[in-house]
Structures are given as C-alpha cells and as structure tokens.
Protein chains: 2
Amino acid sequence: MNTYTDFFKALSDETRLRILHLLVVSKSELCVCEFTDILETPTYNVSKHLKILKNAGLINERKEGRWVYFGLTPVKGRFLELLFEAIKEIPAQQLKTDLNELQKRFDIRIEGKCLLGIQKEHLKNH
Amino acid sequence: MNTYTDFFKALSDETRLRILHLLVVSKSELCVCEFTDILETPTYNVSKHLKILKNAGLINERKEGRWVYFGLTPVKGRFLELLFEAIKEIPAQQLKTDLNELQKRFDIRIEGKCLLGIQKEHLKNH
DNA sequence: TGCATAGTTGCACAATGGCGCAACAAAGAT
DNA sequence: ATCTTTGTTGCGCCATTGTGCAACTATGCA
C-alpha cells in the first residue's frame with residue numbers, strides 16, 4: 001500500500017513529474033546534466049529529485065564514466081503501465097517545451113552519448 | 001501543470017487513496033459516515049481528506065438532508081480516465097478489505113440511502 | 001600529481017501536511 | 001424550544017519536504 005502512495009508522492013512535485021514525463025515519452029535514458037539543462041534547475045536539485053524517484057522504484061540508474069544515466073524501471077504490473085500511459089497524456093504546455101529542449105540535447109549527443117555536460121552556465125555547481 | 005501535481009498530491013496519502021479507490025471501483029456515491037466506518041478514521045479526519053480530494057477536482061459533493069454524499073467527478077480527458085483505471089488495478093490487501101466493508105454498509109442502506117449513520121462508536125465526534 | 005568536470009550529500013531554514021481536540025453549523029426529531 | 005445526529009472548521013503540535021549553500025566523492029585528463 002505504501003508502495004503506491006510513494007509512487008503518487010514521487011509524482012506530486014512538478015520537477016519530478018517533468019522528469020518522469022521526459023522518460024516516459026522519450027523511452028530513453030537521460031543523464032543528470034541533460035535534465036539540468038532541460039529543467040533549468042541546479043544539478044544538486046536534479047540529483048535529489050532523481051534519488052526520490054529511484055527510491056520510489058520508478059527509475060533506474062546506470063553509471064558510465066563520469067556520467068550517470070537514468071531510465072524508467074521495467075514495468076511490472078498493470079498499475080504502472082496505466083500510470084505511465086496517463087502521464088503521457090498530460091496536456092501541459094510546460095511538458096511540450098521540455099520535449100523541445102530534450103530534442104536539443106539529443107542533437108548534441110555524440111554517438112548517442114551525452115558528452116558535453118551542462119550548457120547553461122548558471123546551473124552548474126561552483 | 002499544478003492541476004496534475006495536485007491530483008498526485010491528493011493521492012499520495014493512504015486514506016485518500018482508499019477513498020478514491022472505493023469511489024472508482026463502486027461507481028457510487030458514498031456518504032461521510034460510510035467512509036468513517038470503512039476507513040476506521042474519525043469523521044473530522046474523513047471530512048478533511050474529502051475536502052482535499054474535492055479541491056483537487058477529483059470528487060463532487062451532494063447534500064441530502066443531514067447526509068453528504070461524495071462521488072467521482074465526471075471524467076473529462078484521457079489523463080483522468082487512465083489514472084482511475086490505474087487505481088482500480090492496485091493489488092493491495094487493504095483495498096480488498098475496504099470493499100468488503102463497503103458491501104456491509106451497502107447492505108444496511110435503506111432504499112439505496114445511507115440512513116443509519118456511524119456504526120462504530122469510537123469513531124464518532126463527542 | 002594536480003586540475004577540471006559530473007554528480008552526491010549534509011546542514012539549516014522556511015513551508016507544508018496530517019492529526020487530535022474542541023467548537024461550530026445545519027438539519028431533523030421529540 | 002431543545003436535543004440529537006451528521007458533518008465542518010480552526011487551532012496547536014509534530015513530522016516531512018523542497019531549497020540553497022557548501023563540502024564532498026569520483027572519474028578522466030594534462
């Protein structure tokens with residue numbers, strides 16, 4: 001039961017909902033610096049939100065050199081299947097904008113990998 | 001956007017998830033004293049949770065004499081449709097128990113109306 | 001070895017959220 | 001009119017949550 005309220009709690013924050021939406025729609029893994037640029041939120045913030053989504057069991061982590069990629073967990077059960085479908089259907093302008101920004105990040109990937117890091121200076125840790 | 005995080009926030013509490021599950025599965029209106037007995041939570045608590053669900057736009061209120069019935073809002077949009085489907089599919093024991101308790105309350109309705117009030121003494125306001 | 005880059009974590013702070021209690025409103029019954 | 005029943009609301013308390021800052025780890029490069 002707690003599992004399910006935790007799913008909803010994880011999605012009850014705008015930043016985290018945007019993160020999950022990006023993952024559901026793109027069907028890809030994204031790395032922390034890509035999220036940072038797309039969401040326009042400092043890295044430490046993105047990192048914390050990703051941790052919450054991970055602890056809720058919604059996303060997985062994969063390390064590759066200095067980069068950490070996050071993707072959806074494999075869907076087991078009809079509940080998550082429907083929940084992800086629902087998220088895909090949210091008709092919010094913000095989410096469309098996010099997808100545009102995601103495309104920009106995909107365009108600067110090199111052989112499918114995120115190698116360029118954060119592009120927006122003001123979002124980096126100093 | 002806030003609309004959607006509010007939906008999730010509303011469902012990120014166990015009591016409220018149980019309430020919405022009852023409404024989604026039963027396709028009925030239930031009154032506050034029925035929720036009180038089923039959820040085994042004091043009336044003032046039930047009332048507050050119902051208010052939160054109502055403010056989120058998930059449920060409606062209808063007064064009938066001293067009784068107040070709550071039911072799902074008419075679904076507009078694919079997002080809510082899928083969200084409610086998802087809630088139906090949650091395989092938690094607690095929710096099954098709730099449905100049994102709901103049946104008991106339906107059994108003591110008179111001509112489809114909740115006329116008997118709270119059955120569990122310790123849950124009433126004093 | 002030292003430096004830059006990618007990311008995480010601990011701390012302090014303000015805001016929010018759920019609970020219990022007690023007081024309240026509203027409707028019907030005696 | 002008064003009492004009972006159904007339900008709501010305001011208050012104080014405590015726990016949780018999101019944020020920014022600063023310190024930290026870890027990986028790769030010169």
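Residue numbers begin at 1 in each chain, while the letters A, B, ... track the order of the sequences.
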Exercise. Map B/Thr43 and A/Arg16 onto DNA chain D by nearest heavy atom, then report which one ends up closer to the 5' terminus.
Key: B/Thr43

Practice problem: Tell me what B/Lys9 touches on the nucleic acid: a base, only sugar-phosphate, or nothing, going by heavy atoms under 4.0 Å. | Solution: sugar-phosphate

Quiz item: For the pair made of CG in B/Leu11 and P in C/dG17, what is the distance, rounded to whole Å?
Solution: 14 Å

Sort me out a list of protein N/O and nucleotides 27-30 of chain D N/O pairs below 3.5 Å, or just none if empty.
none

Quiz item: What's the NZ-P distance between B/Lys113 and C/dG28, to the nearest Å?
Solution: 12 Å

Quiz item: For A/Leu116 and C/dG7, what is the distance between atoms CG and P respectively, to the nearest whole Å?
Solution: 12 Å

Quiz item: So, is A/Asn45 close to the D/dG20 phosphate, meaning a side-chain N or O under 4.0 Å from OP1 or OP2?
Solution: yes

Quiz prompt | Spacing between B/Phe8 atom CZ and D/dG18 atom C1', to the nearest angstrom | solution = 19 Å

Quiz item: What's the closest nucleotide to the A/Cys31 side chain, out of C/dG7, C/dG18, D/dG18?
Solution: C/dG7

Practice problem: Select one nucleotide: of C/dG7, C/dG20, D/dG18, the one nearest the side-chain heavy atoms of A/Asp13. | Solution: D/dG18

Self-check item: A/Leu83 side chain near A/Leu11 side chain, heavy-atom distance below 4.5 Å
Solution: yes

Exercise. Grab the CG-C1' distance between A/Leu53 and D/dG18 for me, whole Å please.
Key: 14 Å

Quiz item: Under the 3.5 Å rule, do the base of C/dG7 and the side chain of A/Lys48 count as making a donor-acceptor pair?
Solution: no

Exercise. Rounded to the nearest angstrom, tell me the gap between atom CD1 in A/Ile19 and atom C1' in D/dG18.
Key: 13 Å

Quiz prompt | Identified side chain to side chain contact (heavy atoms under 4.5 Å, CB included) partner of B/Phe70 from the options B/Leu30, B/Asn60, B/Leu58, B/Val32 | solution = B/Val32

Quiz item: Can you list the steps and then say if B/Leu95 with B/Leu22 is a side chain to side chain contact (heavy atoms under 4.5 Å, CB included)?
Solution: CA-CA 8 Å; B/Leu95 299 183; B/Leu22 284 165; over 6 Å; no

Self-check item: A/His49 side chain near D/dT19 phosphate (N/O to OP1/OP2, under 4.0 Å)
Solution: yes

Exercise. May I have the distance from B/Leu50 (atom CG) to D/dT6 (atom C1'), rounded to whole angstrom?
Key: 13 Å

Quiz prompt | Atom pair distance, as rounded to whole Å: CD1 in B/Ile52 and P in D/dT8 | solution = 13 Å

Quiz prompt | Intermediate values then yes/no, side chain to side chain contact (heavy atoms under 4.5 Å, CB included), A/Asn100 and A/Lys104 | solution = CA-CA 7 Å; A/Asn100 282 334; A/Lys104 290 185 193 165; 5.6 Å; no

Quiz item: What heavy-atom pair brings A/Glu34 and A/Cys114 nearest, and what distance separates the two atoms?
Solution: OE2-CB, 3.4 Å

Quiz item: Would you say C/dT8 has OP1 or OP2 under 4.0 Å from some side-chain N or O of A/Lys51?
Solution: no

Practice problem: Decide side chain to side chain contact (heavy atoms under 4.5 Å, CB included) for A/His21 and A/Leu99; before the verdict, give the C-alpha distance in whole Å, the side-chain angles of both, and the deciding distance to 0.1 Å. | Solution: CA-CA 9 Å; A/His21 177 262; A/Leu99 292 179; 4.0 Å; yes

Exercise. Would you indicate, yes or no, if D/dG20 has its OP1 or OP2 atom less than 4.0 angstrom from a side-chain nitrogen or oxygen of A/Tyr44?
Key: yes

Practice problem: Kindly assign one of parallel, tilted or perpendicular to the pair A/Phe79 and A/Tyr4, based on the angle between their ring planes and the thresholds 30° and 60°. | Solution: perpendicular

